[in-house]
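After the structure tokens below, expect a handful of questions from me.
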Amino acid sequence: MAEMPDIAGNIARVQERIAQAAAKAGRAGEDIKLMLAAKYQPAENLIAAMEAGVNYFGHNLIPQLVEAEAAISTYPHFTSVIGHIQSNKLSTAMDHAQRIDTVDSLKNLQRINRRQEARIAAGEADAPYPVLLQVNSAAAPTQFGCSPQELLELASRGSELPQIEICGLMTIGANTEVEKEIHASFALLQELGAQMQSLPGLSGAKILSMGMTSDLEIAIAHGSTEVRVGTAVFGPRAQK
């Protein structure tokens, strides 16, 4: 059995990185949330993280989301979906996560809106479903997300759907060691976020989910409000 990582110590070190990056950017560290990327993590690791003070999780895979939520249901926590969702898994995702962060088309928004209408009619929900719009800010062929040019129209159309709450934007950013390209992808999302907030009904859509273990400092410099960290807390990801 693999040795359990020092999750509490690792969280403290990541939070210190966040605090230092925020201070350098002239921001308050408490304005930036630490979301733990929970892909392939056993329930005991998630529980250890909550005991260390972080109860904000992101799941890539819907079967693992369902399994994890069953295991930690008695603990106060918040879970988002941070991976692409196949249409046949959308209902399951909405039933087990409090937000979907990877919505990148009007068709996806319409599906979520219809499903939330059904959930409200069945007494399973009583408010619009929260989402983030995913933008492919690096124009990467291997990444999901709408194009930057499509974002404002998508946000405008989405804001008209009664059972959708657009909370902000998400991006993976440039997957490269060239810092200039990483800066550019995050700066673009920051600018798009500001533009989106000027649209009717979207002034409160202030979340910018960007930055991971390797580039969270750059993301924070460009206004990230949520960083998604897995490896720096849980160690190298075990494949299953």
Side-chain angles (χ1 to χ4, degrees), residues 7-8 10-12 14-15 17-19 22 28-85 89-103 108-109 112 115-116 119-120 124-134 158 163-172 193 202 204-213 216 219-220 223-234:
I7 290 174
N10 291 343
I11 284 174
V14 171
Q15 289 174 327
R17 286 177 61 187
I18 292 170
E30 57 266 28
D31 291 341
I32 302 152
K33 285 188 174 182
L34 172 58
M35 174 179 283
L36 299 182
K39 188 175 184 180
Y40 298 136
Q41 296 305 319
E44 54 263 34
N45 284 3
L46 306 186
I47 292 169
M50 289 187 284
E51 291 174 346
V54 179
N55 63 353
Y56 203 57
F57 300 110
H59 276 276
N60 292 76
L61 305 175
I62 304 309
Q64 291 177 12
L65 162 70
V66 174
E67 182 179 348
E69 288 299 295
I72 65 173
S73 61
T74 59
Y75 295 82
H77 66 283
F78 183 96
T79 299
S80 284
V81 176
I82 58 173
H84 180 71
I85 303 175
K89 292 183 170 65
L90 178 62
S91 292
T92 302
M94 292 176 65
D95 288 341
H96 291 85
Q98 286 76 60
R99 196 177 71 207
I100 294 175
D101 295 0
T102 53
V103 181
N108 288 344
L109 284 169
I112 294 170
R115 174 58 186 154
Q116 190 69 351
R119 295 177 80 232
I120 290 172
E124 300 169 0
D126 58 7
Y129 193 85
V131 302
L132 300 186
L133 301 181
Q134 182 177 3
Q163 300 308 332
I164 291 288
E165 179 188 2
I166 297 174
C167 300
L169 302 177
M170 178 270 218
T171 195
I172 295 172
L202 293 175
K206 296 182 178 181
I207 293 175
L208 291 180
S209 175
M210 58 186 187
M212 295 183 279
T213 292
L216 66 87
I220 289 170
S224 175
T225 65
E226 296 184 1
V227 294
R228 309 181 302 274
V229 175
T231 302
V233 169
F234 298 122

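Hydrogens, waters and symmetry mates play no part in the numbers below; they use all other heavy atoms, side chains included.
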Counting N and O atoms only, with roles assigned by atom type, does the side chain of T225 sit under 3.5 Å from a partner on the main chain of I32, one being a donor and the other an acceptor? no
Measure the CZ-CG distance between F57 and L65 for me, rounded to the nearest 0.5 Å. 12.0 Å
Report yes if some heavy atom in the side chain of E124 is under 4.5 Å from a heavy atom in the side chain of D95; otherwise report no. yes
Are the side chain of Q163 and the backbone of Q116 linked by a donor-acceptor contact shorter than 3.5 Å? no
Does a side-chain heavy-atom distance below 4.5 Å link F234 with K39? no
Can you confirm whether Q15 sits close enough to V54 that some side-chain heavy atom of one is under 4.5 Å from a side-chain heavy atom of the other? yes
If you draw a 6.0 Å radius around CD in E67, do more than 12 non-hydrogen atoms from other residues or ligands fall strictly inside? no
Student check: side-chain heavy atoms of D126 and I120 closer than 4.5 Å: no
In a check of side-chain contact (heavy atoms from CB on, under 4.5 Å) between V227 and each of T213, L34, L208, which one passes? L34
Is S224 reaching over with its side chain to a backbone N or O of M210, donor-acceptor style, under 3.5 angstrom? yes
Using side chain to side chain donor-acceptor pair (under 3.5 Å) as the criterion, list what pairs up with T79, not counting sequence neighbours. E69
Let me know which of Q98, H59, R99 forms a side-chain contact (heavy atoms from CB on, under 4.5 Å) with S80. R99
Go through the structure and list residues passing ring pair (Phe, Tyr, Trp, His ring centres under 6.0 Å) with Y75, not counting sequence neighbours. none
side-chain contact (heavy atoms from CB on, under 4.5 Å) partner of I207, the single match among L169, I166, L132: L132
